[in-house]
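Below is one structure, written out as structure tokens; the observations come after it.
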Amino acid sequence: DGGITQSPKYLFRKEGQNVTLSCEQNLNHDAMYWYRQDPGQGLRLIYYSQIVNDFQKGDIAEGYSVSREKKESFPLTVTSAQKNPTAFYLCASSNPPGLAGGSTDTQYFGPGTRLTVL
Amino acid sequence: AQSVSQHNHHVILSEAASLELGCNYSYGGTVNLFWYVQYPGQHLQLLLKYFSGDPLVKGIKGFEAEFIKSKFSFNLRKPSVQWSDTAEYFCAVNPPNSGNTPLVFGKGTRLSVIA
């Protein structure tokens with residue numbers, strides 16, 4: 001079964017703690033993305049990576065960090081510096097246009113992780 | 001700032017009513033356009049997309065969208081909604097010449113279909 005998995009589904013954290021959200025894909029996609037979804041705000045981009053060992057900040061990167069050591073994995077760490085971390089976090093992946101078997105620029109999403117800070 | 005606008009935050013319709021959700025974007029040049037849907041408790045799923053060709057795009061579950069370049073719009077339509085269409089709908093744009101860069105999303109429209 002091809003797809004994107006995120007774990008855990010629900011996560012609770014105490015203030016001041018760092019926490020890492022997992023995202024794994026077996027679609028052989030080059031690019032991966034992290035979005036944050038808040039009610040009435042839509043999806044806002046945190047970080048993205050177009051290739052292994054490279055990543056760029058999105059619109060709301062402050063208080064977050066990522067790594068891309070493997071093509072299939074793009075973990076997101078929510079640090080204690082993130083002022084308002086309670087949210088729903090979505091991971092996505094895609095391939096660039098023109099690759100055989102890929103859908104041009106279509107992003108595929110994981111099921112999400114709901115993080116609550118207590 | 002360049003952006004994607006969805007004008008309706010929450011739409012409430014009766015079953016069998018027709019649906020039109022607005023989406024406007026502010027990018028010039030050639031864009032790729034998407035509508036995603038998020039059913040309660042489920043993944044964000046692709047509903048339909050436009051890259052080129054016929055500006056009237058058919059998607060899954062009876063949805064369609066029309067790209068009107070002169071109006072920078074990509075409105076989503078369905079002639080007759082069902083209770084199962086209750087969900088949140090997101091319009092997204094892949095800006096011009098951006099290849100594999102992230103999509104820019106609108107803030108979403110919540111659709112509630114009542115019996």
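Here is the naming used below: chain letters follow the sequence lines, and residue numbers restart at 1 for every chain. This one's a predicted model, so the numbers in the text were calculated from it and none came from an experiment.
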- Are L11(A) and L118(A) co-members of a hydrophobic cluster defined by side-chain heavy atoms under 4.5 Å apart? no

- Cut-off 4.5 Å, heavy atoms of chain A, and the answer for Q42(B) is neither

- Query: Do you reckon I60(A) sits in the same ILVMFWY cluster as V104(B), going by side-chain contacts under 4.5 Å, direct or chained?
  - Reply: no

- Task: Could you state whether V19(A) and I46(A) fall into the same hydrophobic cluster, counting links through intermediate Ile, Leu, Val, Met, Phe, Trp or Tyr residues with side-chain heavy atoms under 4.5 angstrom apart?
- Result: yes

- Hey, quick one: are Y10(A) and V117(A) part of the same hydrophobic cluster, counting side-chain heavy atoms closer than 4.5 Å, chains of contacts allowed? no

- Query: More than 12 heavy atoms of other residues, nucleotides or ligands under 6.0 Å from CD of Q17(A): is that the case?
  - Reply: yes

- Message: Donor-acceptor check, side chain of Y36(B) to backbone of Q107(A), threshold 3.5 angstrom: yes or no?
- Response: yes

- State, with a plain yes or no, whether a side-chain heavy atom of Y108(A) is found less than 4.5 Å away from one of H43(B). no

- Item | Y35(A) vs L44(B), side-chain contact (heavy atoms from CB on, under 4.5 Å): CA-CA, chis, key distance, verdict | CA-CA 12 Å; Y35(A) 294 91; L44(B) 209 64; over 6 Å; no

- Check each atom of Q6(A) against the heavy atoms of chain B and say whether the ones under 4.5 Å are side chain, backbone, both or neither. neither

- Task: Check each atom of L45(A) against the heavy atoms of chain B and say whether the ones under 4.5 Å are side chain, backbone, both or neither.
- Result: side chain

- If two hydrophobic side chains count as joined below 4.5 Å and joins carry through other members, does V4(B) share a cluster with V37(B)? yes

- Enumerate by number any residue of residues 68-92 of chain B whose heavy atoms lie under 4.5 Å from heavy atoms of chain A; in the absence of such residues, state 'none'. E88(B), F90(B)

- Taking non-hydrogen atoms and a cut-off under 4.5 angstrom, which of residues 105-115 of chain B neighbour chain A? F105(B), G106(B), K107(B)

- So what's closer than 4.5 Å to chain B heavy atoms on F88(A): side chain, backbone, both or neither? side chain

- Query: How about L43(A) and L103(B): do any of their side-chain heavy atoms sit closer than 4.5 Å?
  - Reply: no

